[in-house]
Amino acid sequence: MMIKVVNTLRVKKGKVNEVAALFKQAKSVHTFNGFVFMEVLIKENTEEYDELQVCTTWEDYASFEVWRESRETRKAHESQGKQEKEDSPILGSELSTFEVFVQHQPA
């Protein structure tokens, strides 16, 4: 069963392009078995804060879990955590997982 994982980031107003730029270069996630693709979406027309969604698609939940528990992932998030909270443009995040029920490809 293919899954999509969406990490929704709330970002200080005016800082969304700065945060989105962090995802332009391929990261270690791209090397994991079961990884299908990544999309970074910027929500338009927000008022209080900007919003960014980092969406990854996986062949199955087990592949996602291997990545999530990996040493590379922990190291990447540890370095983010060292930045002072008040200096961070990220206000908060929410992780959601979805079963890909149907997917249509071009004819």
Side-chain angles (χ1 to χ4, degrees):
M1 165 184 66
M2 193 175 293
I3 68 163
K4 183 170 291 280
V5 179
V6 180
N7 190 4
T8 302
L9 304 174
R10 291 182 312 282
V11 179
K12 289 179 183 175
K13 198 73 177 150
K15 300 284 188 176
V16 73
N17 288 328
E18 174 186 323
V19 175
L22 299 172
F23 296 94
K24 281 194 172 216
Q25 296 295 330
K27 307 279 192 244
S28 68
V29 68
H30 298 84
T31 65
F32 278 77
N33 288 334
F35 174 81
V36 178
F37 64 90
M38 174 188 277
E39 298 171 299
V40 178
L41 311 175
I42 298 173
K43 186 174 183 179
E44 297 179 335
N45 303 317
T46 59
E47 292 186 21
E48 294 179 35
Y49 52 82
D50 289 332
E51 190 173 289
L52 180 80
Q53 291 188 340
V54 180
C55 309
T56 54
T57 301
W58 297 87
E59 289 177 2
D60 52 42
Y61 193 82
S63 298
F64 167 67
E65 280 298 314
V66 168
W67 171 76
R68 191 160 98 160
E69 298 299 322
S70 73
R71 185 166 185 255
E72 291 86 356
T73 303
R74 284 195 301 272
K75 283 198 297 188
H77 288 106
E78 284 171 8
S79 66
Q80 289 174 356
K82 289 178 184 174
Q83 186 178 25
E84 290 295 322
K85 187 75 168 167
E86 59 271 4
D87 291 342
S88 176
I90 299 172
L91 301 170
S93 66
E94 179 182 349
L95 189 70
S96 303
T97 58
F98 302 88
E99 173 187 344
V100 178
F101 181 71
V102 68
Q103 187 178 63
H104 296 281
Q105 300 291 333

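From Glu48, atom CD reaches atom CG of Leu91 across 10.5 Å, with rounding to the nearest 0.5 Å. Taking CD of Glu51 as the reference point, atom CG of Asn45 lies at 12.0 Å (rounded to 0.5 Å). The CH2 atom of Trp67 lies 15.0 Å from the CG atom of Asn33; values are rounded to the nearest 0.5 Å.
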Next item on the list: Starting from the C-alpha separation in whole Å, work towards a yes-or-no answer on side-chain contact (heavy atoms from CB on, under 4.5 Å) for Thr57 and Met2.
Entry: CA-CA 7 Å; Thr57 301; Met2 193 175 293; 3.6 Å; yes
Next item on the list: For side-chain contact (heavy atoms from CB on, under 4.5 Å), just list the numbers for Leu9 and Val19, CA-CA rounded to whole Å, side-chain angles, deciding distance to a tenth of an Å, and then say yes or no.
Entry: CA-CA 9 Å; Leu9 304 174; Val19 175; 4.3 Å; yes
Margin query: For Leu95 and Val5: C-alpha separation, side-chain torsions, deciding distance, then whether side-chain contact (heavy atoms from CB on, under 4.5 Å) applies.
Written below: CA-CA 7 Å; Leu95 189 70; Val5 179; 3.5 Å; yes
Note to self: Using the rule given for side-chain contact (heavy atoms from CB on, under 4.5 Å), can you reason through Arg10 versus Tyr49, listing the C-alpha separation, both sets of side-chain angles and the distance that settles it, and then say yes or no?
What the structure shows: CA-CA 6 Å; Arg10 291 182 312 282; Tyr49 52 82; 3.3 Å; yes
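Formation of a donor-acceptor pair under 3.5 Å by the Asp50 side chain with backbone atoms of Gly14 is found in this model. Between the side chain of Lys27 and the backbone N or O of Leu22 there is at least one donor-acceptor pair closer than 3.5 Å. In this structure a side-chain-to-backbone donor-acceptor pair under 3.5 Å is missing from Lys43 to Gln53.
Nearest heavy-atom pair, Pro89 versus Lys15, reported as atom, atom and distance to 0.1 Å: CB-CB, 3.8 Å. Closest heavy-atom contact between Ser63 and Gly34: OG-CA, 3.5 Å. Closest of all the heavy-atom pairs between Val29 and Met38 is CG1-CE, 3.7 Å.
Criterion: ILVMFWY side-chain heavy atoms under 4.5 Å apart, direct or through other members. Under it, Ile3 and Phe32 are part of a common hydrophobic cluster. Hydrophobic clustering (side-chain heavy atoms under 4.5 Å, transitive across Ile, Leu, Val, Met, Phe, Trp, Tyr) groups Met1 together with Phe64. Note on Val100 and Val6: separate hydrophobic clusters, where clusters join Ile, Leu, Val, Met, Phe, Trp and Tyr whose side-chain heavy atoms are under 4.5 Å apart, directly or indirectly. Note on Val11 and Phe23: same hydrophobic cluster, where clusters join Ile, Leu, Val, Met, Phe, Trp and Tyr whose side-chain heavy atoms are under 4.5 Å apart, directly or indirectly.
Under 4.0 Å is where a charged nitrogen must lie from a carboxylate oxygen, and between Glu39 and Lys4 at least one such pair does.
A ring-centre distance under 6.0 Å is found for Phe35 and Trp58.
Each of Leu41, Val40, Ile90 was scored for a side chain to side chain contact (heavy atoms under 4.5 Å, CB included) with Leu52, with one residue passing: Val40.
No side-chain heavy atom of Thr46 sits less than 4.5 Å from a side-chain heavy atom of Val16.
Around CZ of Phe37, the count of heavy atoms belonging to other residues, nucleotides or ligands within 6.0 Å exceeds 12.
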